[in-house]
Amino acid sequence: MKKKYVLIFMIVIMSVLLLAGCQNDGFKENANTSLKIEKEFLQQIFTSDYEERYTNFLKNDDMEAYYKSLSECTTQECLEHLQYNRIPLKYDKEAEDKKVNYTVSDIEVAYDEEETGTFEVVFEDENNKDGTAQKATGQITVENEKVDSFFLSNLVSFEVEN
């Protein structure tokens, strides 16, 4: 009788461990999916005239078309926040005024325990790769596979090392 209880206890323990392992694997998969969404979003924010959105905006003055690609990877609330703060519109305008073409060269995102992502994006002028690069840092969160919040904390220039 004692062996029977030990066997049942072992089965219960193994089942719990197996379930815990499956749940942990699922979390890792969601985090990887989020990283893909976050990187796509950050690429769009910091690439000048991404897919000619600014060029088309200047021709058509269509704000909805300008933000269409971002609307596919953000929540409605995040999209409204971006539009209100003119992100990335003001970056596209500044790049046009300065005659630069920024392209993203590196994106890093790391999560903390509260599932807030901290990002660092490096982008350079495509026309002057030996010059000054820009580094943007901030926070980003993802909910239901869409960017839910975006906060830019710092944007600095630095010399590119050759």
Side-chain angles (χ1 to χ4, degrees), residues 23-162:
Q23 289 174 347
N24 191 27
D25 288 345
F27 177 75
K28 289 178 184 175
E29 184 177 318
N30 289 342
N32 289 337
T33 301
S34 296
L35 286 177
K36 179 182 176 192
I37 292 163
E38 289 171 308
K39 287 183 177 185
E40 177 185 327
F41 171 82
L42 293 167
Q43 183 84 30
Q44 289 185 41
I45 293 292
F46 294 106
T47 299
S48 299
D49 199 17
Y50 182 82
E51 294 182 352
E52 297 186 352
R53 68 178 169 214
Y54 190 67
T55 301
N56 292 329
F57 174 73
L58 292 175
K59 289 178 190 173
N60 306 322
D61 198 29
D62 185 351
M63 191 67 72
E64 187 174 318
Y66 179 85
Y67 281 97
K68 183 171 180 16
S69 65
L70 286 168
S71 70
E72 295 170 6
C73 60
T74 62
T75 63
Q76 183 61 34
E77 183 178 323
C78 182
L79 184 63
E80 289 170 4
H81 172 76
L82 294 171
Q83 289 173 329
Y84 178 79
N85 290 295
R86 298 179 26 236
I87 298 172
L89 183 63
K90 63 184 173 185
Y91 305 138
D92 282 342
K93 181 181 182 336
E94 181 181 333
E96 175 79 14
D97 292 345
K98 290 181 176 181
K99 306 287 187 239
V100 295
N101 184 26
Y102 289 120
T103 57
V104 173
S105 60
D106 189 38
I107 299 174
E108 292 182 25
V109 180
Y111 283 101
D112 63 13
E113 300 82 37
E114 286 86 39
E115 298 182 27
T116 299
T118 303
F119 68 83
E120 180 177 288
V121 178
V122 176
F123 50 102
E124 304 172 56
D125 180 5
E126 186 70 27
N127 304 323
N128 186 13
K129 291 232 178 217
D130 295 330
T132 303
Q134 304 286 321
K135 184 188 305 184
T137 57
Q139 293 181 329
I140 192 168
T141 60
V142 173
E143 186 174 307
N144 298 324
E145 297 188 31
K146 291 207 174 212
V147 174
D148 185 50
S149 68
F150 167 78
F151 173 73
L152 180 64
S153 59
N154 199 7
L155 186 62
V156 295
S157 298
F158 65 96
E159 292 297 317
V160 178
E161 295 178 17
N162 292 326

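Heavy-atom basis, side chains included; hydrogens, waters and symmetry copies ignored.
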What is the minimum heavy-atom distance between [X] and [Y], and which atoms define it?
X	Y	answer
Lys99	Asn127	O-ND2, 4.1 Å
Val156	Asn154	CG1-OD1, 3.4 Å
Asn101	Asp125	N-OD1, 3.0 Å
Thr141	Ser149	OG1-OG, 2.6 Å
Ser48	Ala95	OG-CB, 3.4 Å
Tyr67	Pro88	CE2-CD, 3.8 Å

What's the separation between atom [atom1] in [X] and atom [atom2] in [Y], rounded to the nearest 0.5 Å?
X	Y	atom1	atom2	answer
Thr47	Glu126	OG1	CD	10.0 Å
Glu145	Ile37	CD	CD1	5.0 Å
Leu82	Gln44	CG	CD	10.5 Å
Ile87	Leu152	CD1	CG	6.5 Å
Cys73	Ile45	SG	CD1	8.0 Å

> Is the number of heavy atoms from other residues, nucleotides or ligands within 6.0 Å of CD (Glu77) greater than 12?
Replying inline: no
> Should the pair Phe46 and Tyr91 be assigned to parallel (<30°), tilted (30 to 60°) or perpendicular (>60°) ring geometry?
Replying inline: parallel
Quiz question: by atom type and distance under 3.5 Å, do the side chains of [X] and [Y] form a donor-acceptor pair?
X	Y	result
Asp92	Tyr50	no
Gln139	Thr116	no
Glu120	Thr137	no
Glu38	Tyr111	yes

>> Could you walk me through whether Glu94 and Lys90 satisfy the salt bridge (Lys or Arg N to Asp or Glu O under 4.0 Å) test, starting with their C-alpha distance in whole Å, then the side-chain angles of each, then the deciding distance to 0.1 Å, before giving a yes or no?
In response: CA-CA 6 Å; Glu94 181 181 333; Lys90 63 184 173 185; over 6 Å; no
> Are Lys93 and Asp97 close enough for a salt bridge, meaning some N to O gap below 4.0 Å?
Replying inline: yes
> So, are Glu72 and Lys68 salt-bridged, with charged N and O less than 4.0 Å apart?
Replying inline: yes
>> Using the rule given for side chain to side chain contact (heavy atoms under 4.5 Å, CB included), can you reason through Phe41 versus Leu70, listing the C-alpha separation, both sets of side-chain angles and the distance that settles it, and then say yes or no?
In response: CA-CA 7 Å; Phe41 171 82; Leu70 286 168; 3.8 Å; yes
> Among all residues two or more places apart in sequence or in another chain, which pass the ring-ring contact (aromatic ring centres under 6.0 Å, His included) test with Phe119?
Replying inline: Phe150
> Would Lys39 and Ile107 count as a side chain to side chain contact (heavy atoms under 4.5 Å, CB included) if you check the C-alpha gap in whole Å, the side-chain angles of each, and the deciding distance to 0.1 Å?
Replying inline: CA-CA 7 Å; Lys39 287 183 177 185; Ile107 299 174; 3.8 Å; yes
> Are Gln134 and Leu155 close enough that some pair of their side-chain heavy atoms sits under 4.5 Å apart?
Replying inline: yes
>> Let's go through Lys135 and Val121 carefully: what are the C-alpha distance in whole Å and the side-chain angles of both, what is the deciding distance for side chain to side chain contact (heavy atoms under 4.5 Å, CB included) to 0.1 Å, and is it a yes or a no?
In response: CA-CA 6 Å; Lys135 184 188 305 184; Val121 178; over 6 Å; no
>> Assess the residue pair Val147 and Ile140 against the criterion (side chain to side chain contact (heavy atoms under 4.5 Å, CB included)); give the C-alpha distance rounded to whole Å, side-chain angles, the decisive distance to 0.1 Å, and a yes or no.
In response: CA-CA 7 Å; Val147 174; Ile140 192 168; 3.7 Å; yes
Check whether any side-chain N or O of [X] sits under 3.5 Å from a backbone N or O of [Y] as a donor-acceptor pair, and report yes or no.
X	Y	result
Arg53	Leu89	no
Asp49	Tyr54	yes
Asp62	Glu64	yes

